[in-house]
Visitor: 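First, the structure itself, so that you have it in front of you.
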Amino acid sequence: MPELPEVETTVRILRPKVLGMNLLALQALDPALAPVAKLLPLPQPVQGLTRRGKYILFQLSEKLLVVHLRMSGRLAWHEKEPIPDHTRLILAFPHGAVLFIDPRRLGTVEVQDGFSEELGPDALGDLSFLEEALKESRAPIKVWLLDQRNIAGLGNIYAAEALFLAGIDPRRRASSLSPQEVSKLKAAIHQVLHEALAAMGTTLFDKTYRTPVGEAGDYEPRVYGREGLPCKVCGTPIERIELGGRGTYFCPHCQK
DNA sequence: TCATCCCTGTGG
DNA sequence: CCACAGGGATGA
């Protein structure tokens with residue numbers, strides 16, 4: 001579910017609620033997360049809540065609590081309602097709680113001393129590195145964009161959306177892009193991410209993604225999930241292929 | 001660079 | 001019943 005815009009939205013909403021607050025206790029409702037609850041000495045105040053790629057970092061006074069939502073995870077702010085289904089972990093604060101909800105249980109929560117994941121530059125930041133980096137890879141551009149070691153934050157939706165906006169066929173080798181196409185791609189990545197941030201992310205038909213306070217995201221994909229539907233620009237039916245094991249949507253007319 | 005796996009839910 | 005799902009680690 002969550003890519004950069006959804007993760008960033010989650011952090012922006014939760015930050016003012018937890019910043020400076022004392023994390024009192026962790027309660028693992030999923031046995032797999034019991035070790036985390038044991039590893040973390042509490043209470044500890046939250047000194048920062050930040051995002052790195054798609055990772056969420058609770059910067060506590062002594063340790064780092066690192067959350068990755070993977071496919072179906074979300075964080076919710078909870079005050080008094082009943083605990084929802086699929087809640088895996090409860091972070092208890094004096095005035096409420098953060099819930100880690102994850103039906104498929106693919107998400108991760110770890111206690112670390114320092115963030116050590118191998119991530120490329122953030123997709124929201126300066127993308128001038130793409131010029132050189134793309135030259136070195138023969139992978140399909142869409143597969144390259146999904147590899148977090150190359151660029152951090154894009155997922156299956158926004159990689160497809162950015163390539164559509166840039167007019168680039170997702171099957172093209174990364175190294176085959178002209179300087180002009182790389183420029184278009186850089187602009188397209190930023191445009192798509194800023195649009196999605198303004199919309200607070202994307203909630204698809206399955207409705208699994210919600211912000212921490214329960215709102216749906218309003219971003220409407222141009223190609224993602226629209227197989228057979230007319231391209232919003234030229235009317236050609238959107239195609240779905242498989243690339244790197246993931247469903248890939250594109251307009252065969254607009255993307256060359 | 002690929003297939004496979006993790007795990008569960010939903011929809012055709 | 002099978003196909004598919006927003007992500008990523010792993011081993012061949």
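Proteins come first, then strands; the chains are lettered A, B, ... in the order of their sequence lines, and each starts at number 1. Keep in mind that the numbers below use all heavy atoms, side chains included, and drop hydrogens, waters and symmetry copies.
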Visitor: Sequence neighbours excluded, which residues qualify as ring pair (Phe, Tyr, Trp, His ring centres under 6.0 Å) partners of A/Phe100?
Guide: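 If we apply the ring pair (Phe, Tyr, Trp, His ring centres under 6.0 Å) test to A/Phe100, skipping adjacent residues, there are no hits.
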
Visitor: Give the rounded distance in Å between these two atoms: CG of A/Leu119 and P of C/dG7.
Guide: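 From A/Leu119 CG to C/dG7 P: 14 Å.
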
Visitor: Starting at CG of A/Asn150 and ending at P of C/dG7, how long is that distance when rounded to a whole Å?
Guide: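 Those two atoms, CG and P, are 15 Å apart.
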
Visitor: Please check if the side chain of A/Gln59 supplies one atom and the backbone of A/Thr50 the other of a donor-acceptor pair under 3.5 Å.
Guide: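 Answer holds: no.
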
Visitor: For the pair made of CZ in A/Arg226 and P in C/dG6, what is the distance, rounded to whole Å?
Guide: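 After rounding, the gap between these two atoms is 17 Å.
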
Visitor: Please evaluate residues A/Thr248 and A/Lys142 with respect to the criterion side chain to side chain donor-acceptor pair (under 3.5 Å), reporting the C-alpha separation (whole Å), side-chain torsions for both, the decisive distance (0.1 Å), and the verdict.
Guide: CA-CA 8 Å; A/Thr248 299; A/Lys142 196 259 194 170; 2.9 Å; yes

Visitor: CG of A/Leu146 versus P of C/dG7: gap in Å, rounded?
Guide: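 Checked: the CG to P distance equals 7 Å.
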
Visitor: Using whole Å, what does the distance between atom P of nucleotide C/dG6 and atom OH of A/Tyr219 come to?
Guide: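 From A/Tyr219 OH to C/dG6 P: 15 Å.
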
Visitor: What's the CG-C1' distance between A/Leu145 and C/dG7, to the nearest Å?
Guide: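 In whole Å, C/dG7 C1' and A/Leu145 CG are 15 Å from each other.
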
Visitor: Where does DNA chain B pair, written as one dot-bracket string 5' to 3', with Watson-Crick or G-U pairs under 3.5 Å, ( ) inside the strand, [ ] for crossing pairs and | for another strand?
Guide: ||||||.|||||

Visitor: Could you tell me how far B/dT1 sits from C/dA5 if I compare only their P atoms? Round to whole Å.
Guide: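 It works out to 23 Å between them.
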
Visitor: So, for A/Asp126 and A/Ser128, which heavy atoms are closest and what is the spacing to 0.1 Å?
Guide: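 So the minimum-distance heavy-atom pair works out to OD2-OG, 2.9 Å.
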
Visitor: Do any side-chain nitrogens or oxygens of A/Tyr224 fall under 4.0 Å of OP1 or OP2 in C/dG6?
Guide: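 For A/Tyr224, the contact criterion (side-chain N or O under 4.0 Å from OP1 or OP2 of C/dG6) is met.
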
Visitor: Quick one: does any side-chain atom of A/Arg246 pair with a main-chain N or O of A/Glu242 as donor and acceptor, under 3.5 Å?
Guide: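 Looks like no, no N/O pair under 3.5 Å.
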
Visitor: P atom, C/dA9 versus B/dG9: distance in rounded Å?
Guide: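 After rounding to an integer number of Å, I get 24 Å for this pair.
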
Visitor: OP1 or OP2 of C/dA5 sitting under 4.0 Å from any side-chain N/O of A/Arg240?
Guide: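 Yes.
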
Visitor: Distances under 3.5 Å between protein N/O atoms and the N/O atoms of nucleotides 8-12 of chain B, please, pair by pair.
Guide:
residue, atom, partner, partner atom, Å
B/dT8, OP1, A/Arg105, NH1, 2.4

Visitor: Nearest whole Å is fine: how far is C/dG8 P from A/Met71 CE?
Guide: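 Taking atom P of C/dG8 as the reference, CE of A/Met71 is at 10 Å.
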
Visitor: Under 4.0 Å between any heavy atoms, over every strand shown, what does A/Tyr55 touch: base, sugar-phosphate, or nothing? Just pick one.
Guide: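 Answer is sugar-phosphate: A/Tyr55 comes under 4.0 Å of backbone atoms only.
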
Visitor: Distance check needed: B/dC2 P versus A/Glu242 CD, whole Å only.
Guide: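 It is 12 Å, rounded to the nearest whole Å.
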
Visitor: Would you measure the distance from the C1' atom in B/dT10 across to the matching atom in C/dG8 and give it in whole Å?
Guide: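 These two C1' atoms come out 22 Å apart once rounded.
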
Visitor: Can you classify the ring geometry of A/Trp77 versus A/Phe93 as parallel (below 30°), tilted (30 to 60°) or perpendicular (above 60°)?
Guide: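 Tilted, since the angle between the ring planes falls between 30° and 60°.
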
Visitor: Would you call the rings of A/Tyr158 and A/Tyr219 parallel, tilted or perpendicular, where under 30° means parallel and over 60° means perpendicular?
Guide: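 A/Tyr158 and A/Tyr219: perpendicular rings.
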
Visitor: What heavy-atom pair brings A/Glu81 and A/Glu79 nearest, and what distance separates the two atoms?
Guide: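 Smallest interatomic distance, heavy atoms only, reads OE2-N, 3.4 Å.
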
Visitor: Would you say A/Thr203's side chain and A/Gly217's backbone share a donor-acceptor pair under 3.5 angstrom?
Guide: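 Side chain of A/Thr203 to backbone of A/Gly217, a donor-acceptor pair under 3.5 Å: yes, one is there.
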
Visitor: Taking the C1' atom of each, how far is C/dC1 from B/dC6, in whole Å?
Guide: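 Comparing C1' positions in C/dC1 and B/dC6 gives a spacing of 22 Å.
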
Visitor: Using a cut-off of strictly less than 4.0 Å, decide whether A/Lys54 has a side-chain nitrogen or oxygen near OP1 or OP2 of C/dG6.
Guide: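 Result: no.
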
Visitor: Run the ring pair (Phe, Tyr, Trp, His ring centres under 6.0 Å) check on A/Phe250 and A/Phe164 step by step: do they pass?
Guide: CA-CA 6 Å; A/Phe250 69 105; A/Phe164 173 75; over 10 Å; no

Visitor: For A/Arg149, answer base if it contacts any base atom (sugar-phosphate contacts may also be present), sugar-phosphate if it contacts only those atoms, and nothing otherwise; contact means non-hydrogen atoms under 4.0 Å.
Guide: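 No contact.
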
Visitor: Using the P atom as the point on both nucleotides, what is the distance between C/dC2 and B/dC5, in whole Å?
Guide: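 Rounded to whole Å, the distance is 16 Å.
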
Visitor: Report yes if a side-chain nitrogen or oxygen of A/Gln148 is closer than 4.0 Å to either non-bridging phosphate oxygen (OP1 or OP2) of C/dG7; otherwise report no.
Guide: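 Checking A/Gln148 against C/dG7: no side-chain N or O falls below 4.0 Å of OP1 or OP2.
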
Visitor: If only side-chain N and O atoms of A/Tyr249 are considered, is one of them under 4.0 Å from the OP1 or OP2 phosphate oxygen of C/dA5?
Guide: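 It does, given that an N or O in the side chain of A/Tyr249 lies less than 4.0 Å from OP1 or OP2 of C/dA5.
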
